Amino acid sequence: MDTTLSDKTFVVTGATSGIGLEVARQLIDLGAAVIGVGRSPERCRAAESALRAGRPTAQATFVAADLSLQSEVRRAAAEARRVLDGDGRTGLDGLVNNAGVFTFWLALTAEGFETQWAVNHLASFLLTNALLPLLQAALAARVVTVSSGSHTGARLNWDDLQLLRRYNGLRAYERTKLANVMFTAELNRRLGPGSSVRAFAADPGLVKTDIGLKGTPALVRWVWAARRSGGISAAESAAGIVALLAGPGLEDTGQVYWKHGRPRSPSRRALDPQEAERLWEVSARMCGIM
Ligand SMILES: NC(=O)c1ccc[n+]([C@@H]2O[C@H](COP(=O)([O-])OP(=O)(O)OC[C@H]3O[C@@H](n4cnc5c(N)ncnc54)[C@H](OP(=O)(O)O)[C@@H]3O)[C@@H](O)[C@H]2O)c1
């Protein structure tokens, strides 16, 4: 991409490995400043050194925050604002809600939410809302939320949104990825057609990362190791996300869902405006922002 992103700053969550680390690397190579967010201080330090290696002018700053907790999401937003202030910047040019987990067994966060719902959906919802004033202060800004093609078979069960009664790890994961697309469509509707902020949901494809190997049972690790071998590299996948952040001419597109930089049709459910509005209201209540 023959674009320069100097003078632009992006927040990338889950920037310590896989797709997020590659998005951060590509943004930095285009001249942007990146504020990475990761759950482990050690992995944040390692990612920051990896991004700075061989790039003496690289602007990479990491904020360690466990996004499964809303208190930490709020702190991450405040830290990002402090970094921007320190750099003398008033606006944020983009946010990539990329952090994600797959948890096979039902696990609740310390705040009582199902972990995948908390990390994959609520954290994206809350962080975007917390950073919205900064995004709106930029000339033009983009919010990319990393969804998945696996959302297409999913539906939200309004009686048991977090599948607390009948948990199934894969169904729970796919439902969070559906929520990512619905959130994106509703965010655009709420921002309105003339907004300087545009939101996109990205399907990264099948990518050779460690997501299915982290804290999962041996059988899941074995299945994921086999499945990911047919996938693309994190760098290839990241290029599609960077195109949504940096590509020209996307301001007026009505397309919500993209794969490798091209528009795709999400599931019918993902584009249902009543369901998306309901999801927004429920999520806002869960995050205490109503
Ligand atoms: N790989 C695929 O084929 C695929 C397909 C469809 C969608 N996706 C989506 O792509 C996104 C990135 O996944 P990936 O495949 O690149 O996996 P990954 O390498 O495991 O990256 C996930 C990132 O999220 C971070 N993270 C996890 N829980 C967190 C928490 N509580 N707080 C803060 N950060 C947290 C991880 O931190 P650590 O480094 O500490 O683990 C890591 O940086 C996810 O949203 C995933 O659902 C992936």
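Owing to the predicted nature of the structure, the values given are computational and were not obtained by experimental measurement. First listed ligand is number 1; within each ligand, the first listed atom is number 1.
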Chemist: Within the structure, is a non-hydrogen atom of G205 found at a distance of less than 4.0 Å from ligand 1?
Modeler: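 Yes; G205 lies near enough to ligand 1 that a heavy-atom distance drops under 4.0 Å.
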Chemist: Using a 4.0 Å cutoff against the non-hydrogen atoms of S148, which atoms of ligand 1 qualify?
Modeler: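 Heavy-atom distances to S148 below 4.0 Å select 6 (C), 7 (C).
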Chemist: Hey, is ligand 1 close enough to W224 that some N/O pair sits below 3.5 Å?
Modeler: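 Not met; the criterion fails.
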Chemist: Would you mind telling me if ligand 1 is within reach of the side chain of T16, the backbone, both or neither, using heavy atoms under 4.0 Å?
Modeler: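 It is both parts that get close, each with some atom under 4.0 Å.
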Chemist: Just wondering, more than 12 heavy atoms not from R75 lying within 6.0 Å of its CZ?
Modeler: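 Yes, the 6.0 Å shell around CZ holds more than 12 heavy atoms from other groups.
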Chemist: When hydrophobic residues are tied together by side-chain contacts of less than 4.5 Å, even through go-betweens, does V11 share a cluster with V146?
Modeler: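 Per the 4.5 Å side-chain linkage, V11 and V146 are not co-clustered.
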Chemist: Using modelled atom types and a 3.5 Å cut-off, is there a donor and acceptor pairing between side-chain atoms of R228 and backbone atoms of G212?
Modeler: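 No: the side chain of R228 does not pair with the backbone of G212.
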Chemist: Can E251 and R142 be counted as an ion pair, charged N to O under 4.0 angstrom?
Modeler: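 Yes, E251 and R142 are salt-bridged.
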Chemist: For ligand 1, which atoms sit closer than 4.0 Å to a heavy atom of V101?
Modeler: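 Atoms satisfying the 4.0 Å criterion: 27 (C), 28 (N).
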Chemist: If you take the nearest heavy atom of each of G100, G36, S147, which one is closest to atom 7 (C) of ligand 1?
Modeler: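 It is S147 that holds the nearest heavy atom.
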Chemist: Hey, does G38 come in under 3.5 Å of ligand 1, counting only N/O atoms on both sides?
Modeler: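 No: no nitrogen or oxygen of G38 is under 3.5 Å from one in ligand 1.
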Chemist: Find all atoms of ligand 1 within a distance of less than 4.0 Å from any non-hydrogen atom belonging to K214, and give their numbers and elements.
Modeler: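 So the atoms of ligand 1 that pass are 18 (P), 19 (O), 20 (O), 38 (P), 39 (O), 41 (O).
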Chemist: Which of the numbered atoms in ligand 1 are below 4.0 angstrom from a heavy atom of L206?
Modeler: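 So the answer, numbered in order with elements, is 3 (O).
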Chemist: Considering the heavy atoms of L67, write down every atom of ligand 1 situated less than 4.0 Å from one of them.
Modeler: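 With L67 as reference, the close atoms of ligand 1 come out as 30 (C), 31 (N), 32 (N), 33 (C).
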Chemist: If you measure every N or O of G14 against every N or O of ligand 1, does any of those distances drop under 3.5 Å?
Modeler: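 Yes - when backbone and side-chain N and O of G14 are compared with those of ligand 1, one distance drops under 3.5 Å.
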Chemist: Do the non-hydrogen side-chain atoms of Y173 and S148 ever get within less than 4.5 Å of each other?
Modeler: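 Yes - at least one pair of side-chain heavy atoms lies under 4.5 Å apart.
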Chemist: So does E174 pair up with K177, basic N to acidic O under 4.0 Å?
Modeler: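 The answer is no: the pair does not qualify as a salt bridge.
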Chemist: Salt bridge or not for E186 and R189, using N-O below 4.0 Å?
Modeler: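 Looking at E186 and R189, the cut-off is met.
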Chemist: For atom 9 (C) of ligand 1, what's the nearest protein heavy atom and its distance?
Modeler: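 For atom 9 (C) of ligand 1, the nearest protein heavy atom comes out as V146 CG1, 3.8 Å.
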Chemist: Is it the side chain, the backbone, both or neither of A234 that has a heavy atom closer than 4.0 Å to ligand 1?
Modeler: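 Under 4.0 Å from ligand 1, A234 contributes no heavy atoms.
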Chemist: Is it true that E79 and R82 have a side-chain N and a carboxylate O under 4.0 angstrom from each other?
Modeler: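 R82 and E79: salt-bridged.
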Chemist: Do me a favour and list the nearest non-hydrogen protein atom to atom 45 (O) of ligand 1 with residue, atom name and distance?
Modeler: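 The protein heavy atom lying closest is N98 O, 2.8 Å.
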Chemist: Salt-bridged, D252 to R198, with N to O below 4.0 Å?
Modeler: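 No, no charged N to carboxylate O under 4.0 Å.
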Chemist: Side chain, backbone, both or neither: which applies to V119 and ligand 1 if a contact is any heavy-atom pair less than 4.0 Å apart?
Modeler: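 Near ligand 1, V119 shows its side chain, while the N, CA, C and O stay back.
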Chemist: Below 4.0 Å from any atom of ligand 1, is there a heavy atom belonging to N120?
Modeler: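 It does not; every heavy atom stays at 4.0 Å or beyond.
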Chemist: Any N/O of I19 closer than 3.5 Å to an N/O of ligand 1?
Modeler: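 Between I19 and ligand 1, an N or O pair is found under 3.5 Å apart.
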Chemist: Do any heavy atoms of K177 fall under 4.0 Å from ligand 1?
Modeler: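 So K177 counts as touching ligand 1.
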Chemist: Which residue and non-hydrogen atom of the protein lie closest to atom 15 (O) of ligand 1, and at what distance in Å?
Modeler: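 That would be T209 OG1, 2.6 Å.
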Chemist: Given A99, A118, C44, S237, which one has a non-hydrogen atom that is nearest to atom 35 (C) of ligand 1?
Modeler: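 The nearest heavy atom belongs to A99.
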Chemist: Identify, by atom number and element, the atoms of ligand 1 in contact range of S68, meaning under 4.0 Å from any of its heavy atoms.
Modeler: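 Answer, ordered by atom number: 31 (N).
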Chemist: Is it the side chain (CB and beyond), the backbone, both or neither of A65 that lies under 4.0 Å from ligand 1, heavy atoms counted?
Modeler: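 Backbone only; the side chain of A65 stays clear of ligand 1.
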Chemist: Hydrogens and angles aside, do K208 and S237 bring a side-chain donor and acceptor to less than 3.5 Å of each other?
Modeler: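 No pair is found: no donor N or O on one side chain lies under 3.5 Å from an acceptor on the other.
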Chemist: Is there a heavy atom of P204 sitting under 4.0 angstrom from any atom of ligand 1?
Modeler: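 Contact present.
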Chemist: For ligand 1, note which part of E72 has a heavy atom under 4.0 Å away: side chain, backbone, both or neither.
Modeler: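 No part of E72 comes within reach of ligand 1.
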Chemist: Whether the T9 and D87 side chains hold a donor-acceptor pair (N or O, under 3.5 Å, no angle test) is what I'd like checked.
Modeler: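 No - no donor-acceptor pair under 3.5 Å links their side chains.
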Chemist: Could you tell me if the side chain of L95 sits less than 4.5 Å from the side chain of V144, heavy atoms only?
Modeler: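 Counting from C-beta outward, V144 and L95 never come under 4.5 Å.
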Chemist: Side chain or backbone of F102 under 4.0 Å from ligand 1, or both, or neither, by non-hydrogen atoms?
Modeler: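 Answer for F102: neither.
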Chemist: With heavy atoms only and a cut-off of under 4.0 Å, state how I211 meets ligand 1: side chain, backbone, both or neither.
Modeler: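 The answer is both.
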Chemist: Which one holds for R39 and ligand 1: side chain close, backbone close, both close, or neither close, with close meaning a heavy atom under 4.0 Å?
Modeler: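 Near ligand 1, R39 shows its backbone as well as its side chain.
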Chemist: Considering the options Y257, W280, F200, which one meets the ring-ring contact (aromatic ring centres under 6.0 Å, His included) requirement together with F183?
Modeler: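 Single ring-ring contact (aromatic ring centres under 6.0 Å, His included) partner of F183 among Y257, W280, F200: W280.
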Chemist: Could you please spell out the steps behind the side-chain contact (heavy atoms from CB on, under 4.5 Å) verdict for T176 and H151?
Modeler: CA-CA 8 Å; T176 65; H151 85 274; over 6 Å; no
Chemist: Does L206 reach the side chain of I232, with side-chain heavy atoms less than 4.5 Å apart?
Modeler: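 Side-chain contact under 4.5 Å: no.
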Chemist: Between R55 and D29, does at least one N-O distance fall below 4.0 Å, as a salt bridge requires?
Modeler: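 Looking at R55 and D29, the cut-off is met.
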Chemist: Check S17 against ligand 1 and report side chain, backbone, both or neither, counting heavy atoms closer than 4.0 Å.
Modeler: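 Both backbone and side chain.
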Chemist: Using side-chain hydrogen bond (donor to acceptor under 3.5 Å, both in side chains), reason through T216 and R221 one step at a time and then give a plain yes or no.
Modeler: CA-CA 6 Å; T216 47; R221 293 201 299 277; 4.8 Å; no
Chemist: Sort out for me which residue in V96, V37, I19 forms a side chain to side chain contact (heavy atoms under 4.5 Å, CB included) with V12.
Modeler: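 Only one of V96, V37, I19 forms a side chain to side chain contact (heavy atoms under 4.5 Å, CB included) with V12, namely V96.
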Chemist: Using distance alone, determine whether V207 and ligand 1 share an N or O pair under 3.5 Å.
Modeler: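 Among all N and O atoms of V207, at least one is under 3.5 Å from an N or O of ligand 1.
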Chemist: Check this for me - ligand 1, D210, N or O atoms closer than 3.5 angstrom, yes or no?
Modeler: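 N/O-N/O distance below 3.5 Å does not exist for this pair.
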Chemist: Counting only heavy atoms closer than 4.0 Å, does ligand 1 sit against the backbone of R228, its side chain, both, or neither?
Modeler: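 The answer is neither; R228 stays 4.0 Å or more away.
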